[in-house]
There are 2 protein chains.
Amino acid sequence: MNVNLKQLAEMLGLSQTTVSRALNGYPEVNAETRQRVLSAVRETGYRPNRAAQRLATGRAGSIGLVMPIAQGIDSDVHFGEFLAGLGEESVRHDFHFVINPSAPDDEEATFKRLAASGNVDALFLAYVRANDPRIAMLKSLSIPFVVHGRAIGQPADYPFLDIDNTAAFYDAARLLIQLGHRRIALINGPANLTFSIRRKKGMQRALEENGLPFDESLSQHSLMTDEYGHRAMQQFFERDEPPTAVLCSSTVIALGAVRAINKVGLQLGTDISLIAHDDVLPMLKPENFSVPLTTTRSSLRAAGSRIAARLISRIMKTGDYPDQELWRAELIVRASTGPAPKS
Amino acid sequence: MNVNLKQLAEMLGLSQTTVSRALNGYPEVNAETRQRVLSAVRETGYRPNRAAQRLATGRAGSIGLVMPIAQGIDSDVHFGEFLAGLGEESVRHDFHFVINPSAPDDEEATFKRLAASGNVDALFLAYVRANDPRIAMLKSLSIPFVVHGRAIGQPADYPFLDIDNTAAFYDAARLLIQLGHRRIALINGPANLTFSIRRKKGMQRALEENGLPFDESLSQHSLMTDEYGHRAMQQFFERDEPPTAVLCSSTVIALGAVRAINKVGLQLGTDISLIAHDDVLPMLKPENFSVPLTTTRSSLRAAGSRIAARLISRIMKTGDYPDQELWRAELIVRASTGPAPKS
DNA sequence: TTCAAAATTCAAAGCGCTTTGAGTTTGCTA
DNA sequence: TAGCAAACTCAAAGCGCTTTGAATTTTGAA
């Protein structure tokens, strides 16, 4: 049978107070006493009862997640990968999850309900949209939260973790331009999500700076699936002057795009160049493509784990992570990019 | 501010005991009193504090999940979809999750740790392997659990939910045979997972019953990804006599297989037939393929939700679900199957 | 009308932890 | 050697719920 605090204290001839303090790192405990306590914990395998802790501290010890169940988002590979990171870190701190699947139009209500339930002491928001009303709502909720991504068109006065999507696609586009490409296409994520908007902006900026026009008809929005990637690329090939290079918002999209490229008999990296954003999905490594893909890389799992760490630290009031983080994606050149073909 | 039980009882001029009993459906409460309590709950928006409930009842109110982080399984689309179902049902009962990512060789230890931690009052096991030692371990753990799938080679004396994989692929293979196909290939899931083993067996049985040989070289195991599906199909096409039909263990695999089929210029449903197992992934609908796929269908999300319901009912000792369920997959014929081509 | 049984209701004791406010030691200064 | 702050340690009071065992009221047969 598991021991509890009382028994542990008895064994040690100490009061529960002291043992509790020793365990929770309070300073007013004699170093030697603390060592005794810790080794007793090791021997007995004592684990504090989380329910009791929660009751006593008023902290729920869990993080609320709203799992979007919209078409093309839910059970998205990307979400699963992110979740793995979140889980990894949470479990380390013995935190739970409350996963709330919710339709997009019901998300705000879901968040409110979650926060009010007292069952979670932090919330997490993803799939940020352009002028996302959910952020203002979260701010009003007086419960810690972290946004994965950033809104556009409102001050960024809330905790977030985002990657610098603008810079990533700026860098990618610039490389292509330097390689001589002039007709560059974009297969982006859903149009209403901010990461898509920023990636497009990054690409536009690179073109502008080099005096090149941005051709709206060479830019498509799509769900982050193979299928849509394929469809989008096919449409580009129906043009009189197909693009000589393409940027993809995900390696999953790239999968479909590469398929379309092969189908028309072009050689990737020679006849046409491709750069994809790589979320480091373990089942889809850019280096395993028949022609390894040049990518902008940033691990989604790492982001999940970081967000969990930040949320938990906010809840426990320990450590001090920065409140806002903008990660820079790495541009990794592989074989799928090459000089523009002579036309 | 949220009211608590004490305040609620005071308002009603009742004792906490009575209110608590009224809420938890105990019989010894006057019907009228119960009504008063319930309407007071509605007015005040009272929600019991879960931590207190957990502490008092000794139930953790959460389900332990071991999220496999092996290559090709983790952040698997299929897992995400299953999770959505599990989440849907759990949240309805205010249950939490504890997601424990774990490497395969550490899974047993992870389960033990979870069970011992007292943080969960039910466990869930998936990705069952042939003679899975984890099941015996779960049985020894004296904590409710449900297995998604079934082991092979040991008595099925534990709670499970599985689909009849043998029957599904038996039916699928039989249809192909009836259509005149003789060389039927199989692109299966990982070789060590029981669903793969059973699907293969189902196919073998159908062939045998019709006096056809099972050609081991026409059977491949693969991760459940597009990439591997593509690769496997390509290999079949390198044979002197390629198959005229193929069974795929997932629509994700089918995606790659179809790609390979297109590449060699064959017409799906005419030159070659394909049947895939459809887990009802919202992002990959068989009817959306350029040639709609014939499938054996069983919703993974529904399975998740059912398992959650069963676990919760076991924990709360309410209702009585069957302990073992074998769901039958539906065989849905679409355009990807047709008579075998004249050779 | 009476009284035991059935139907309700209640006070109080936990569940296992944290934390407050008050002791008890110890170490220095004067 | 007294006296006081600093360093430790402790007893006890919750946190908000469930549940036990007892008290009270109602019901119905005698």
Side-chain angles (χ1 to χ4, degrees), chain A residues 1-38 40-41 44-62 93-95 116-119 121 315-318, chain B residues 1-38 40-41 44-62 94 116-119 121 315-318:
Chain A
M1 203 46 213
N2 282 339
V3 287
N4 59 25
L5 186 63
K6 193 172 170 185
Q7 298 166 329
L8 191 68
E10 237 158 51
M11 286 178 185
L12 287 161
L14 288 170
S15 72
Q16 295 189 40
T17 311
T18 305
V19 178
S20 170
R21 290 206 155 129
L23 290 174
N24 293 312
Y26 282 68
E28 59 268 66
V29 177
N30 188 307
E32 190 195 331
T33 308
R34 171 164 290 143
Q35 283 316 312
R36 274 181 59 216
V37 171
L38 289 179
V41 165
T44 57
Y46 166 76
R47 306 265 275 126
N49 176 311
R50 290 293 281 167
Q53 278 186 320
R54 290 192 240 274
L55 182 56
T57 58
R59 282 190 233 104
S62 69
H93 300 275
D94 227 335
F95 262 66
S117 80
N119 279 330
D121 29 35
I315 296 167
M316 307 300 287
K317 303 190 193 314
T318 67
Chain B
M1 202 47 213
N2 283 339
V3 287
N4 61 22
L5 187 63
K6 192 171 171 184
Q7 298 167 329
L8 191 68
E10 237 159 50
M11 285 178 187
L12 287 161
L14 288 171
S15 72
Q16 295 189 42
T17 312
T18 304
V19 177
S20 170
R21 292 209 153 125
L23 289 173
N24 293 314
Y26 281 68
E28 60 267 67
V29 177
N30 188 308
E32 191 194 332
T33 308
R34 171 165 290 145
Q35 284 316 313
R36 275 181 57 216
V37 171
L38 290 179
V41 165
T44 57
Y46 167 77
R47 306 265 274 128
N49 177 312
R50 292 291 282 168
Q53 280 188 318
R54 292 192 239 273
L55 181 55
T57 58
R59 280 190 236 107
S62 70
D94 227 334
S117 79
N119 279 330
D121 26 37
I315 296 167
M316 307 300 288
K317 302 190 195 313
T318 65

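Convention: sequence-line order gives letters A, B, ...; per-chain numbering from 1. Note that the structure is a prediction, hence the values are computed from the model and not measured. Computed over heavy atoms, backbone and side chain alike; hydrogens, waters and symmetry mates excluded.
Looking at heavy atoms from C-beta onward, L23(B) lies in side-chain contact with V37(B) at the 4.5 angstrom threshold. M11(A) places a side-chain heavy atom less than 4.5 Å from the side chain of T44(A).
Going from atom CD1 of I315(A) over to atom CG of D121(A) covers 4.0 Å, rounded to the nearest 0.5 Å. Between the CG atom of L55(A) and the CG atom of N49(B) there is a distance of 6.0 Å, given to the nearest 0.5 Å.
For Q16(B), there are no side-chain hydrogen bond (donor to acceptor under 3.5 Å, both in side chains) partners, not counting sequence neighbours. Taking the side chain to side chain contact (heavy atoms under 4.5 Å, CB included) definition, one finds that S20(B) meets it with L5(B), N24(B), sequence neighbours left out. A search for side-chain hydrogen bond (donor to acceptor under 3.5 Å, both in side chains) contacts involving T18(A) returns S15(A), not counting sequence neighbours. Annotation: salt bridge (charged side-chain N to carboxylate O under 4.0 Å, His left out) contacts of R47(B) (sequence neighbours excluded): D94(B). Scored by the side chain to side chain contact (heavy atoms under 4.5 Å, CB included) test, E28(A) finds R21(A), Y26(A) as partners (sequence neighbours excluded). For the side chain to side chain contact (heavy atoms under 4.5 Å, CB included) test, no residue two or more places apart in sequence or in another chain qualifies with E10(B). When the side chain to side chain contact (heavy atoms under 4.5 Å, CB included) test is applied to A56(B), no partner is found at least two apart in sequence or on another chain.
Of the residues in residues 49-60 of chain A, those placing a heavy atom less than 4.0 Å from an atom of DNA chain D are L55(A), A56(A), in numerical order. For the segment residues 10-25 of chain A, residues with any heavy atom less than 4.0 angstrom from an atom of DNA chain C are, sorted by number, Q16(A), T17(A), S20(A), R21(A), N24(A).
Residue pairs meeting the salt bridge (charged side-chain N to carboxylate O under 4.0 Å, His left out) criterion with at least one member in residues 49-61 of chain A: none, sequence neighbours excluded.
Looking at every heavy atom in both residues, Y46(A) comes nearest to V3(A) through CD1-O, 3.5 Å.
Remark: C1' of dA7(C) and CD of E32(B) are 14 Å apart, rounded to the nearest angstrom. Atom CZ of R34(B) and atom C1' of dA7(C) are 13 Å apart (whole Å).
Defining each end axis of the helix from dT1(C)-dA30(D) to dA30(C)-dT1(D) as the rotation carrying four pairs' C1' atoms onto the next four, with five pairs an end, the two axes are found to diverge by 50° to 10 degrees.
When DNA chain D is scanned in the 5' to 3' direction for atoms under 4.0 Å from non-hydrogen atoms of chain A, the outermost contacting nucleotides are dC8(D) to dG16(D).
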